[in-house]
**Q** 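Quick one: the structure is below, questions incoming.
Note that the numbering runs from 1 along the sequence shown for the chain.
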Amino acid sequence: MSQAALQTEFAKSRERLPQSHATLEMSPAQWQMVNKLLQKCSRCYGRTLELGLSQEQVAQLRQRCKDYCRHILNIYPECADALALLSRIALDCNELGKAHRLIEQALQYAPKSSVCWFSLGHIYLAEGKHKQARECFQQTVILDPNHFRAKAAYAYSHLNQGDIVPAFNIYKRLIWQNPEDPHVKTNLFNCLKQLTADGDNKDLDEQLKYYLSLDDVDHSDLAGLLASLLEHRYQLNDDNSQVDIARLCKDKLYLQGLQVLIFSAPSIEDLNSSVREHLLYASHCNLDELNLKVCLAMQGYNNEHVIAYDDTERLFIESRLQQSENLIKRQQLSTQEQLTLLDNWVSLVMYEPAIVFKALYNGNLLNHLLDTAASINDGDELLNNLGKLLKRSFHSGDDKCEFKKLGTISDSISCKVKAQYEENPYPRWLALPYQSPSVYQDALDTALPEHGFSLRPGQKTIEVLVAGCGTGKHALQCARYFRNTRVTAIDISHSSLAYAKSMADHYELHNIEFIQADILELEQLNQQFDIIECSGVLHHMHSPLQGARVLKSLLRPGGLMKIGLYSERARAEVVQCRSRIREQGLSTSAKDMRELRRQLLSQAEQWPSIMASPDFYNLSGCRDLLFHAQEHRFTPLQLRDFCDDLGVDFLGFVRVQNAHLQAYRNTYPLDTQCNNLDYWEAFESRNPSTFGTMYQFYVRKN
């Protein structure tokens, strides 16, 4: 920057600051020094927010940033930007009082500084003062209309308070400005999964098509909103409505949704089932209808072909299979025969995984299909979609993954559970939602302020055991977003671990180790952990208490264990459904699980909580939800006994919906820590859906 430009910038700075001795006496050279130091400060602080840094590296960057700020303040004591940075660092270190003092001092020197108002807004957010936070972010935007982060923070303050529509209206504008911003994407999708359409809206149609094209998001968050829009578009709740197949073939949103998410609405499942049946029976399909078939087959892949079909459809499937087997035996196929083979194969994989049709699951068929696809001159859409379907259908699982193993899996219930998850790895997931990097203690401070957990003197790394990691989603989140964390993830199922390992490789995570073992054998680890997380696992063991005792033996004194267990009251529908399964003698075959789903869907109004569960809409999830080999359930009083028998302190529930938590606090204001299980027993008896997913709570080992 030239000397003249420096003088001009300095003059502008003086115009917006009070005329003080310090500003009047500063020379252009001093201003240049301050400007350079502020740039260094900004770079250092920005780096503290990066993924992959250790807490020591973050601490070093913060200290360097503070040193730069102090140097600035020695030259220019009234530098609001330096004070604001010091305030943000204090906030990041949870020193709210210090952060407040610094930012108030900065605002005295620069009452029109957007940086200062933005920082003050975040302090109010940390204090739970959302109204004041929003006022600060509004003031930030008034002072700087292009302040992207202030607009995002204003939207977040609405979202955090349950004001979904105002938050969505802001995020939907911000995503167009910066579609790669991870905070905006994650929070936008948090809004979208809580919204429904009140009509067929063209603008919403365009928005959803755009959102479905975004990467590194869980597109299934859009399933409910997209389903509600399609319900209005095709009047699916009207028993007399008829869907025009030609119109569906041209509906880009519907086709896109079939490809990338799992629909979780009975109305859409009924639509897909009817359209699939119509296309199966059709003797000839045009290319648009073939493309629709391909998209329905991709939806089948996504939901593991969970939709039931009847004996008439089965006969048509067998007929098409026989015709295809005859065709691939020939040395040469005409173009029409190749098209017939292609159409037959797509028809089959609308209904079942490609591997079910053993005679067609081979390289020759793949070559035929690729040749046929290349011969179709119909633009990119059909070819691209067919290519995606072929890649998914002929993709073999990673059976070559090898994991460290501990002991043997000999317990009879453990063997049944292992067999279940080898056949149906759970849960199905495609992407990690973004979280701001933090340390585990900070998350505990927010969830359980009285947790009492601390690192031992000189300890730098938190050792976390995720016992029963399944396909790894939560274990990977811990490894990716908590600094100074080393994760050991164990599971009984090789198939689940193989998926978890492939996703860990995708996200380039190196601070996680996978081990195949039964929890009952984990004492062989000969290791102590600071944190053990075991959510949704112990209630599937022969003895949950026995499993918990093994885990407690691996927990260091003062360490915490997070446990997730089913609620007896919240699982009432599931218990009733499991009785039906036993009465009918239904097995865990895909055919029997589909049959049960068909029955429940025909009486959907009688099963509201099951219908509302995303697990119901894919085969692995349905098996985990309704057909599990073993299940225990609890009440709050039984949790108290469980903790007493285990010899641990119950600290409190986490992940309770805000509405339920606030209602509990209003009912029992004297229970400031919300950990009185007698009170929770009474509260849940009046509100049986409170713990609809499960109880999730922390205990401490003394």
**Q** Could you tell me whether the side chains of Asp671 and Tyr664 share a donor-acceptor contact shorter than 3.5 Å?
**A** yes
**Q** I need the single residue from Gln55, Glu56, Lys460, Gln57 that forms a side chain to side chain donor-acceptor pair (under 3.5 Å) with Asn484. Which is it?
**A** Glu56
**Q** Using 4.0 Å as the upper bound for N to carboxylate O, is an ion pair formed by Asp678 and Arg640?
**A** yes
**Q** Checking ring-ring contact (aromatic ring centres under 6.0 Å, His included) for the pair Phe691/Phe653: CA distance, chi angles, key distance, verdict?
**A** CA-CA 10 Å; Phe691 298 96; Phe653 294 115; 4.7 Å; yes
**Q** For the residue pair Asp67 and Gln63, confirm or rule out a side-chain donor-acceptor distance under 3.5 Å.
**A** yes
**Q** Is a salt bridge present between Arg88 and Asp92, judged by a nitrogen-to-oxygen distance below 4.0 Å?
**A** no
**Q** Taking the ring of Tyr434 and the ring of Tyr481, is the distance between their centroids below 6.0 Å?
**A** yes
**Q** Hey, is NZ on Lys552 packed in by over 12 heavy atoms from elsewhere, all under 6.0 Å?
**A** yes
**Q** For Asn74, does the CG atom have more than 12 heavy-atom neighbours from other residues, nucleotides or ligands under 6.0 Å away?
**A** yes
**Q** So with a 6.0 Å cut-off around NZ of Lys98, is the heavy-atom count from everything else above 12?
**A** no
**Q** So, using side-chain hydrogen bond (donor to acceptor under 3.5 Å, both in side chains) as the criterion, who are the partners of His219 when residues are at least two apart?
**A** none
**Q** Distance-only check: which donor-acceptor pairs under 3.5 Å involve side-chain atoms of residues 463-475, not counting sequence neighbours?
**A**
{"from": "Glu463", "atom 1": "OE1", "to": "Arg486", "atom 2": "NE", "distance (Å)": "3.4"}
{"from": "Glu463", "atom 1": "OE2", "to": "Arg486", "atom 2": "NE", "distance (Å)": "2.9"}
{"from": "Glu463", "atom 1": "OE2", "to": "Arg486", "atom 2": "NH2", "distance (Å)": "2.2"}
{"from": "Thr471", "atom 1": "OG1", "to": "Pro427", "atom 2": "O", "distance (Å)": "2.5"}
{"from": "Thr471", "atom 1": "OG1", "to": "Trp429", "atom 2": "NE1", "distance (Å)": "3.3"}
{"from": "His474", "atom 1": "NE2", "to": "Glu533", "atom 2": "OE1", "distance (Å)": "2.3"}

